[in-house]
Amino acid sequence: MIQFIPNKNSIYYYFISDCNFELLNYDESKSNLQKALKIKKSNIDYNYIKGISYWLLGRIYSKANNKKKALSLFEKSATYIQESLLYSTIAFKQIQLKNYDKALESSNKAILTDNRNAYVSNNRALVCLKRK
């Protein structure tokens, strides 16, 4: 058992969470993510660990079909990390919730972050079709 030390173990708790996510042990994954999120601001990896932890929490809620909660966690993740795939995931959740204007904004951010991401272009095209 790892003794929890926020600045030392946060990334390990994230990795344990990710493994549990892949094994479909969502409750265990959430429990470990809560520990990872206790990282201290003084940690050099603070933004990265916060960002990926909220992203993974969003994926867990997405699997549970809780679109609104998943979206809010993805958006929280985006305050820590700015990744094309994350913005595209946010856009997709916004499409599912029929918030097409916001989805277009998120798709545009994703394209600005990485214009080679096919998933981004696909989501943006879907938004345009939905908006007519």
Side-chain angles (χ1 to χ4, degrees):
M1 185 68 152
I2 301 172
Q3 179 185 0
F4 181 67
I5 304 167
N7 265 3
K8 301 280 186 203
N9 301 116
S10 294
I11 194 68
Y12 300 118
Y13 279 108
Y14 169 79
F15 289 135
I16 292 167
S17 297
D18 193 36
C19 290
N20 277 299
F21 176 82
E22 295 299 329
L23 294 170
L24 310 179
N25 298 330
Y26 301 131
D27 289 337
E28 186 68 24
S29 184
K30 283 196 290 189
S31 173
N32 282 296
L33 283 170
Q34 295 306 321
K35 293 174 186 171
L37 287 167
K38 290 181 183 176
I39 186 170
K40 294 180 181 177
K41 281 189 174 186
S42 60
N43 188 309
I44 193 166
D45 296 320
Y46 176 81
N47 285 337
Y48 176 73
I49 292 171
K50 283 283 211 181
I52 61 175
S53 294
Y54 282 121
W55 193 343
L56 186 54
L57 267 175
R59 292 178 67 204
I60 291 168
Y61 281 94
S62 190
K63 291 283 186 184
N65 206 28
N66 188 337
K67 295 176 186 87
K68 286 184 180 180
K69 180 70 173 176
L71 176 59
S72 77
L73 289 162
F74 291 142
E75 289 172 335
K76 194 163 193 172
S77 175
T79 65
Y80 295 99
I81 54 176
Q82 291 73 46
E83 296 277 337
S84 180
L85 184 58
L86 175 57
Y87 288 130
S88 192
T89 301
I90 290 169
F92 186 70
K93 283 294 163 214
Q94 290 164 329
I95 292 167
Q96 289 180 322
L97 294 168
K98 298 180 176 21
N99 193 341
Y100 304 125
D101 291 337
K102 291 268 189 188
L104 184 58
E105 279 180 41
S106 298
S107 293
N108 288 340
K109 280 183 186 177
I111 288 170
L112 287 173
T113 307
D114 179 5
N115 64 3
R116 295 167 292 160
N117 184 338
Y119 181 57
V120 172
S121 299
N122 183 62
N123 280 347
R124 191 168 190 285
L126 182 57
V127 170
C128 292
L129 286 172
K130 295 287 186 178
R131 289 180 76 205
K132 297 179 184 172

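Counting from 1, the numbers follow the sequence of the chain as shown.
Rounded to the nearest 0.5 Å, atoms OG1 (Thr89) and CD (Gln94) are 10.5 Å apart. The OG atom of Ser62 sits 10.5 Å away from atom CG of Leu73, with the distance rounded to the nearest 0.5 Å. Taken to the nearest 0.5 Å, the CD1 atom of Ile16 stands 11.0 Å off from the CD1 atom of Ile11. The structure places NZ of Lys69 at 5.0 Å from OH of Tyr61, a figure rounded to the nearest 0.5 Å. Of the inter-residue distances, the one linking Ser29 atom OG with Arg59 atom CZ reads 9.0 Å to the nearest 0.5 angstrom. The NZ atom of Lys93 lies 10.5 Å from the CD1 atom of Ile95; values are rounded to the nearest 0.5 Å.
Shown here is Leu24, whose CG atom has more than 12 heavy atoms of other residues, nucleotides or ligands within 6.0 Å. A 6.0 Å sphere centred on OH of Tyr46 holds more than 12 heavy atoms belonging to other residues, nucleotides or ligands.
Leu112 belongs to no multi-residue hydrophobic cluster, having no ILVMFWY side-chain contact under 4.5 Å with any other such residue. Cluster partners of Leu23: none. The rule joins Ile, Leu, Val, Met, Phe, Trp and Tyr whenever side-chain heavy atoms lie under 4.5 Å apart, and it links nothing here.
With sequence neighbours left out, the ring pair (Phe, Tyr, Trp, His ring centres under 6.0 Å) criterion links Tyr100 to no other residue. Contacts of Asp45 classified as side chain to side chain contact (heavy atoms under 4.5 Å, CB included), with partners at least two apart in sequence or in another chain: Asn43, Ile49. Scored by the side-chain hydrogen bond (donor to acceptor under 3.5 Å, both in side chains) test, Glu105 finds no partners at all (sequence neighbours excluded). With sequence neighbours excluded, the residues satisfying salt bridge (Lys or Arg N to Asp or Glu O under 4.0 Å) with Asp101 are Arg131. Residues passing the side chain to side chain contact (heavy atoms under 4.5 Å, CB included) test with Ile81, sequence neighbours excluded: Ile52, Trp55, Ser77, Glu83, Leu86. With sequence neighbours excluded, no residue forms a side-chain hydrogen bond (donor to acceptor under 3.5 Å, both in side chains) with Asn66. Partners of Ser88 according to the side-chain hydrogen bond (donor to acceptor under 3.5 Å, both in side chains) rule, which considers only residues two or more places apart in sequence or in another chain, are Asn123. Contacts of Tyr26 classified as ring pair (Phe, Tyr, Trp, His ring centres under 6.0 Å), with partners at least two apart in sequence or in another chain: Phe21. Residues meeting the side chain to side chain contact (heavy atoms under 4.5 Å, CB included) test with Ile111, sequence neighbours left out: Asn115, Val120, Arg124. Under the rule for a side chain to side chain contact (heavy atoms under 4.5 Å, CB included), the partners of Tyr87 that lie at least two apart in sequence or sit in another chain are Ala78, Gln82, Ile90, Lys109, Ala110, Thr113.
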Q.
The test is side chain to side chain donor-acceptor pair (under 3.5 Å); show your working for Asn65 and Lys67 and say whether it passes.
A. CA-CA 6 Å; Asn65 206 28; Lys67 295 176 186 87; 3.1 Å; yes
Assess whether side-chain contact (heavy atoms from CB on, under 4.5 Å) is satisfied between Glu75 and Tyr54, documenting all intermediate values.
CA-CA 9 Å; Glu75 289 172 335; Tyr54 282 121; over 6 Å; no
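Linking Ile, Leu, Val, Met, Phe, Trp and Tyr whenever their side-chain heavy atoms come within less than 4.5 Å leaves Leu97 and Leu126 in two separate clusters.
A 4.5 Å side-chain heavy-atom check between Leu71 and Asn99 finds every atom pair outside the cut-off. Between Leu33 and Tyr14 there is a side-chain heavy-atom pair separated by less than 4.5 Å.
Ring pair Phe92/Tyr119 is tilted by interplanar angle, where 30° to 60° counts as tilted.
Nearest approach of Ala36 to Ser53, heavy atoms of both residues: CB-OG, 3.7 Å. For Lys38 against Gln34, the heavy-atom pair with the smallest separation is CG-O, 3.4 Å. Across all their heavy atoms, Ala70 and Gly58 have their closest contact at CB-O, 3.3 Å.
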